[in-house]
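Predicted model only: the values in this text are computed from it and were never measured.
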Amino acid sequence: QEQLVESGGGLVQAGASLRLSCETSGITFSIYTMGWFRQAPGKEREFVASISSYGVTIDYADSVKGRFTISRDNARNTVYLQMSSLKPEDTAVYYCAADRGRSSLKNWPRNGITYWGKGTQVTVFS
């Protein structure tokens with residue numbers, strides 16, 4: 001059974017850093033483009049970052065560019081999101097996503113993505 005399990009969320013002060021992890025099982029991880037999305041209360045789920053199967057194509061939302069870094073370890077079937085200089089507006093549930101057949105998830109419809117994790121909460125206070 002395909003599973004994407006996020007971890008690493010928490011409650012932090014503005015300016016702090018967090019590292020999210022998404023460990024997968026049941027999929028051939030190395031052929032999937034992996035991504036991170038987030039959803040704040042009352043808002044739509046939005047793209048944060050994605051990385052293609054071997055890391056050739058990396059995309060970020062403008063709001064996180066320069067502060068967040070996505071990476072993957074195909075040997076560990078895991079994708080990471082290093083978040084630095086966190087702001088209160090980064091507060092959201094962060095979801096891991098997996099899809100294949102495209103190098104970026106930035107402009108792909110949310111309902112077209114094959115696999116989702118259940119999310120991890122990130123709360124940033126000022």
| message | Can you list everything that forms a salt bridge (charged side-chain N to carboxylate O under 4.0 Å, His left out) with Arg38? Sequence neighbours excluded, please. | response |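 For Arg38 the salt bridge (charged side-chain N to carboxylate O under 4.0 Å, His left out) partners, ignoring immediate neighbours, are Glu46, Asp90.
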Tell me every residue that passes side-chain contact (heavy atoms from CB on, under 4.5 Å) with Glu2, counting only those two or more places apart in sequence or in another chain.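 Ile27, Tyr115.
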Which atom pair, heavy atoms only, marks the closest approach of [X] to [Y]?
X      : Y     : value
Phe29  : Asn74 : CE2-OD1, 3.1 Å
Arg72  : Ile51 : NH1-O, 3.4 Å
Ser126 : Ala14 : CA-CB, 4.3 Å
Arg67  : Ser85 : NH1-O, 3.0 Å
Trp36  : Leu81 : NE1-CB, 3.5 Å
Ala98  : Met34 : CB-SD, 3.5 Å

Item to complete: Answer yes or no: is there a donor N or O on one side and an acceptor on the other, between the side chain of Arg100 and the main chain of Thr28, under 3.5 Å?
Response: no
Residues pairing under ring-ring contact (aromatic ring centres under 6.0 Å, His included) where one sits in residues 55-95, two or more places apart or in two chains, turn out to be none
Separation between CE (Met83) and CG (Leu18), nearest 0.5 Å, reads 4.5 Å
- Do the numbers put Arg45 on top of the ring of Trp116, so that NZ or CZ is under 6.0 Å from the six-membered ring centre and no more than 45° off the axis?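 Output yes; distance and angle both within limits.
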Go through the steps for Asp59 and Ser104 under the test side chain to side chain donor-acceptor pair (under 3.5 Å), then give the verdict. CA-CA 7 Å; Asp59 277 326; Ser104 174; 2.5 Å; yes
